[in-house]
Structure formats: structure tokens, C-alpha cells
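Let me begin by presenting the structure, written as C-alpha cells, before commenting on it.
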Amino acid sequence: MKAVWWFRTIMMFVYLSLLLMAVGALVGFIFNSNFIYWSLAFLAISLFICFFSYYNSKQMALKANKVRIIRREDNPRLYDMVAELAQKSGLPMPEVGISYTPVANAFATGRNPENAAVVATSGILDLLPDDELRGVLAHEMSHVRNRDILVMGIASAISIVISYVSQMAWYAAIFSRDSENRGMIMLAALAAQIVVPFAALLIQLGISRNREFLADESGARLINDPMALARALQHLERQNDATVQSYTLEDMARKDRNTPDATLNICTNRNYAHMWISNPLKKKGILESMFSTHPSTESRVARLTELAKKMGQ
């Protein structure tokens, strides 16, 4: 099954790279120059951005989510669970952090297992019993073991580059001096401006959901208890829906994150929504659910239930 997940992810990266090269070729066509050079140039730019993200994503994520790195004496329960799971996974002990927000959630970050951090919110520590919390942390350790942080960082970087290149193609078409082919150039640039970023976003979301399913399965196998993780996911969704609904728009707009109400903003930052184990953004309808960074809780629980049956539980 792990090979299947990796094959799906690799194919999605191939699609993203082809999209980027296609838009690069369009820019070359607009400028009436060698489209192959333009395709390779934008691919090189994408690789540079991926390289930058690879080395800086951890600190950016910790800072954005107001994470405090702890020692064992600060929270023995959390620290010991992470240490136990790291040992069972055969991974180095990651840094352990707490994000002080009432939203119950957790995430992992870091470019590789040697530079990883596992973070839990104060909300999840108060909410979940030990077996469910262990399931959540096993999911996050699986992200570390499967190098999902690297995978998602690269996918996000390539998608951003594709959006900017599509925008560049549109402006290049507007100011193009090729009067003979102007109509075709404008039509192609408009199509790229609308379709390509949308396609890149769908592929990025597909990768994110793909890795979530894999981390669910890997984490459940790590603790040999798929239903503990399934219960945790259901518990988190119910609690977080209630927590988000209890905050007013005024509370969520506050910029001072030191106030209790404003700590909700930490988990509802769209730029980092894909990192959390449970989607912190309220799904208001079918369309918004389609563009969710996470598969539905129902589908995740169904897969974990089927896994439990296969494991004889």
C-alpha cells in the first residue's frame, strides 16, 4: 500500500512539473523565443524555491503558529508519548512543542527526521484521553517518517510558481507586439491564467489528501490501534466545529495573539491549514469541501475501520 501512495504522489509531481513547463513554453511563445529554454528556466526557478522552502519551512511554521519548544519537565505526558513513538518508529527524537490555542489540533514539521518537530495545541492536550492522543501523535510521527513535510513543501512551492508564471504570461500577452498572432496569444494566455493555477491547486490538494490517508494508515499500524485514531478524528471534528462557532468575527479579526480569543487565529491560518491533523477551517458547503486540504473525517474513519477489520480487531 505504501508503494501505491508513493506512486500516486510521484505522478502528481509529474503533472505539476508538466504544467509549469507548459506555461513556461507559453511565455517563450509570447516573447517569440525558444520555448524549451523558457520551460527549463521556470523549472529551475521552481527548484530554487523548493530548496529555500526545504531549509526554512520548520522555523516559519513554528513561528507562525506561536509554538513553544518544551522539555520533559514542562509536560511529561506529551514528551514521553513522542519519545515512545519515536523509538517504535526507529526515528531520532524530534523537538516537542506546544501551541497555546483552544483549538484541539497537532502537526509535524521539519525537512527530515533529524530536524523534525512535533507540535500539539493546549486544546488537544486538554481534550483527548491518552489512547486517542497517542493515535494523533503516531499520525504526526508517520508524517515525519514518510517525509510528508518535504513532499507538501515542494508541492506548495511549485503551485505558487505556476500561479506567478501564469500571471506573467497574461501580462506578457497584454504587452505583446506580435500583432499577427495577438488574438491567439491573448486566448492562450487567458486560458493559462484561469485553468493552470486551478489545475495546480487541485493537484496540490490531491497530494495533501493522499499523504493524510497514508499517515493515518502508518500511524494506526504504529500503535496497532486504528480505532483510537478514528475516535480521535471524530472527537477533534466535533470539538473544533463547536470552538470555531463560539468565536465571533471580531474575535477572529484581532491581531494581538496574546489574548485568549485571538489565539483561535493561530489554527485558522489558511497558509498552514494543510499541516494540522484535523482541518481547522470550517467547511461551509460542498464547494469549499472540494477545496479542502484534508479528506473528510467520514472517509478517514471508514478507512481506519476497514484497516481495523483487516488487523483482526
Side-chain angles (χ1 to χ4, degrees), residues 57-69 78 81-82 85 94-110 116-128 132-144 146 148-153 155-156 204-205 207-216 218-220 229-245 247 252 257 262-283 288-289 291-301 304:
S57 59
K58 175 183 172 182
Q59 293 307 319
M60 292 168 63
L62 295 179
K63 184 177 180 180
N65 293 290
K66 299 291 184 180
V67 175
R68 177 193 166 204
I69 299 299
L78 174 62
M81 279 191 190
V82 174
L85 293 169
E95 290 185 300
V96 181
I98 297 178
S99 178
Y100 292 93
T101 170
V103 179
N105 233 319
F107 75 89
T109 186
V118 173
V119 176
T121 65
S122 54
I124 200 172
L125 295 176
D126 294 335
L127 177 69
L128 297 185
E132 294 180 18
L133 180 60
R134 185 174 286 103
V136 168
L137 296 176
H139 172 101
E140 299 306 331
M141 288 301 298
S142 294
H143 275 313
V144 174
N146 298 335
D148 291 335
I149 299 105
L150 170 62
V151 171
M152 284 309 304
S156 177
Q204 181 190 352
L205 293 175
I207 294 175
S208 177
R209 294 169 185 171
N210 189 43
R211 306 316 292 179
E212 287 299 319
F213 278 134
L214 176 58
D216 282 347
S218 301
L229 178 55
R231 291 193 301 274
L233 292 172
Q234 293 173 317
H235 209 166
L236 290 174
E237 182 172 59
R238 288 194 301 269
Q239 180 68 17
N240 288 340
D241 283 350
T243 301
V244 171
Q245 289 175 358
Y247 282 79
M252 296 181 68
R257 291 188 176 182
T263 57
L264 182 67
N265 290 335
I266 295 174
C267 277
T268 52
N269 184 336
R270 288 186 178 273
N271 293 328
Y272 292 94
H274 67 276
M275 297 180 62
W276 300 96
I277 184 173
S278 177
N279 189 354
L281 303 176
K282 179 66 177 174
K283 299 180 285 295
E288 189 167 343
S289 298
F291 294 98
S292 172
T293 56
H294 293 61
S296 68
T297 300
E298 292 79 6
S299 62
R300 296 172 74 179
V301 169
L304 287 167

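Numbers for residues simply follow the sequence, beginning at 1. Only this structure's heavy atoms are used, side chains among them; waters, hydrogens and symmetry mates stay out.
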For the pair L62 and I69, evaluate side chain to side chain contact (heavy atoms under 4.5 Å, CB included) and give the outcome as yes or no after the intermediate values.
CA-CA 9 Å; L62 295 179; I69 299 299; 4.3 Å; yes
Rounded to the nearest 0.5 Å, the CG atom of L229 sits from the NE2 atom of H139 at a distance of 7.0 Å
Check: T101 main-chain N/O paired with S122 side-chain donor or acceptor under 3.5 Å:
yes
Between Q234 and E132, is a side chain to side chain contact (heavy atoms under 4.5 Å, CB included) present by the stated rule, with each step listed?
CA-CA 10 Å; Q234 293 173 317; E132 294 180 18; over 6 Å; no
Listed once per pair and sorted, the salt bridge (Lys or Arg N to Asp or Glu O under 4.0 Å) pairs that draw on residues 95-108, sequence neighbours left out:
K58-E95
Closest approach of H143 and R211, non-hydrogen atoms and distance?
CE1-O, 3.7 Å
From L127 atom CG to H235 atom NE2, the distance as rounded to the nearest 0.5 Å:
4.0 Å
If you look at every heavy atom in R68 and Y100, which pair is closest and at what distance?
NH1-OH, 3.4 Å
Does any non-hydrogen side-chain atom of V144 lie less than 4.5 Å from one of P94?
no
Shortest non-hydrogen pair, S142 vs D148, comes out as O-OD2, 4.3 Å
Has the side chain of T109 got a donor or acceptor atom that lies under 3.5 Å from a matching backbone atom of A61?
no
Return the minimal non-hydrogen interatomic distance between P295 and S299, and the atom names on each side.
CB-OG, 3.8 Å
CZ-CZ distance between F213 and R300, expressed to the nearest 0.5 angstrom:
7.5 Å
About how many Å separate CG of L85 and CG of L137, when rounded to the nearest 0.5 Å?
6.0 Å
Residue pair W276 / V103, side-chain heavy-atom distance below 4.5 Å
no
Tell me the closest heavy-atom pair linking A232 and L128, and the distance in Å.
CB-CD1, 4.2 Å
Non-hydrogen side-chain atoms of N210 and L214 separated by less than 4.5 Å:
no
Is a side-chain N or O of S278 found less than 3.5 angstrom from the main chain of N105, in a donor-acceptor match?
no
To check you understand the geometry: which heavy-atom pair defines the closest contact between A230 and V301, and what is its length?
O-CG2, 3.8 Å
Roughly how far apart are T297 OG1 and L304 CG, rounded to 0.5 Å?
10.5 Å
Please examine the side chains of M141 and M81, heavy atoms only from C-beta on, and report whether any two atoms are closer than 4.5 Å.
no
Working to the nearest 0.5 Å, report the span between CG of L78 and CD1 of I124.
9.5 Å
